Amino acid sequence: MPEAQPLTTHSINHEATFDLDSTNAFEGPEKLLEVWFTPSPELLPMSAQPDGLKSVSEDTWKAMLDIVRCKVLSTVRNEHVDAYLLSESSMFVFPHKLILKTCGTTTLLSGLPELLRIAAQKAGFADGGDAAAVPYRVFYSRKSFMFPHKQMHPHQSWKDEVDFLDRWFGSGSAYMVGKTNGEHWYLYLTTPGSELSPPLTPQNEMEDMELERRHTETKMLQFPDAEAPIFKNIGGGRDGGSGNGIFDETLEVLMMDLDPVKARQFYLEDASAVAADGFRKQNGDDGDKRGAEDDESDRKSIDSGFADLPEDLKSEGHALGAVVSEACGLNDVYPRSKYPDACVDSYIFAPCGYSANGVIPHPDPKVATTHYFTVHVTPEPHCSYASFETNVPGRQSGRETAEILEHVVKIFRPGRFSVTLFEAKPVALESRPYREHFHDLSASRRSVRMDKIKGYKRIDKIVHDLDGYDLVFRYYERDDLKGGAKVCRGF
């Protein structure tokens, strides 16, 4: 008898969604923080709670997010992940890691000390009552900001962010990927098992300290007998321990200069019109059965179907967000026909803007894992931007990564976009040379396909061989882009 799929639940924070004002959230490019406390959920320490970080209450996470300056709109949960849709982007909580992605003028890194405290004191990722948990690995990344002068400490420059992170992690590595006078992307990461930089200085004292880079030698922690379970589940790469094999990948697409027609899909007024049309069809109203008096009444309304449209399909929120997810084609990236237990949690803002989290359980009930995707859209023409991120492996979807990319790009038709692709390189491959050779050949074939995206020309490609995985950065411009690319010189 096949095992049942994990139960997925969805809850909405009506208090946070009431009178939500998103008119000033125009800085679309997100800050992205991933903090790993073990390489996989199978390797939680003995001191940890049974569900690790998932054992932490939602109220505790909300208090941390208050520091970051964002609110929880809704939550989707199953046994593998808690997916939080936020007023400014998303948070995903797994037993062994947390992914936090925020846009606008949020102060994401300011929440890091509290995150480490929560991991130690609430989730049990510390021995001997330590005040802060020591992460297994930390990743922080973002593209160049459109409006860097509007950011708050510690996000006013990349140097400030690196200095902040170095105070905690000592000898992390910082990269700028791309052209200094063109499209570029920043990455900070620690090596597996890096220690915190002693002493753990209180935050209020840290802000007054003179900025100074540390060059402490990175110290490695040993994980006894870890190779076998890591290789079995994820190969020691980024997507720790979800039964994903050795070819795990995390794809992030950052899109600028959205096609104006495509961008209108993410305006409240246009989304309501789509909802009204669907509502009329669902209720068998084709317009022919109404009399002259009804026609006169309809002409006074914004749309002939708006008068009887339910309130939640005329105002910002989750109901209208679901309409947009279906109409724009986002639901078809990982369709229900293949992923029957997938859940897409989406929200449309007033007067415009859109966010969605997708929780994607593996289609095979024998494989106990859940992947995710997240989408965020700022459609205003002077700062149009959209992002798509997923860790659903291409081989699992039945489509190559390039096909997923083309599907997403077709939804927005951006003038230009960048792609970062992380692919796990198993540490265990060092002792399995034939598998390493096969991995390299497969990656090479996929790379050729990624360089040929329909309707676009690849302008830039940069490859980094980092500890445990490969990072490939690509930048594209649309074939018919007029006037050249807008050069972003943000920090």
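Since the model is a prediction, treat every value here as computed from it, not as a measurement.
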Name the orientation class of the two ring planes belonging to Tyr347 and Phe349 (parallel below 30°, tilted from 30 to 60°, perpendicular beyond 60°).
-> tilted
Identify, with sequence neighbours excluded, every residue that meets salt bridge (Lys or Arg N to Asp or Glu O under 4.0 Å) alongside Arg69.
-> none
Can you sort out the partners of Thr60 under side chain to side chain donor-acceptor pair (under 3.5 Å), two or more places apart, ordered by chain and number?
-> Ser57
Between Asp460 and Lys179, is a salt bridge (Lys or Arg N to Asp or Glu O under 4.0 Å) present by the stated rule, with each step listed?
-> CA-CA 9 Å; Asp460 207 355; Lys179 299 177 180 178; 5.0 Å; no
Testing Glu34, Lys31, Met64 for side-chain contact (heavy atoms from CB on, under 4.5 Å) with Leu100, which one passes?
-> Met64
Can you tell me how far the CD atom of Glu30 sits from the NZ atom of Lys101, to the nearest 0.5 Å?
-> 4.5 Å
Identify, with sequence neighbours excluded, every residue that meets ring-ring contact (aromatic ring centres under 6.0 Å, His included) alongside Phe412.
-> Phe266
Sequence neighbours excluded, the answer for ring-ring contact (aromatic ring centres under 6.0 Å, His included) partners of Tyr456 is Phe417
ring-ring contact (aromatic ring centres under 6.0 Å, His included) involving Tyr267 - partner list, sequence neighbours excluded | none
Qualifying residues under salt bridge (Lys or Arg N to Asp or Glu O under 4.0 Å), relative to Asp259, sequence neighbours excluded | Arg413
Looking just at side-chain N and O atoms, do Tyr140 and Glu161 make a donor-acceptor pair shorter than 3.5 Å?
-> yes
Just by distance, with hydrogens left out, do Tyr354 and Ser325 show a side-chain donor and acceptor under 3.5 Å apart?
-> yes
Nearest-0.5 Å distance, CG of residue Leu330 to CD of residue Gln265 = 10.5 Å
Please check if the distance between the ring centroids of Phe473 and Tyr475 is under 6.0 Å.
-> no
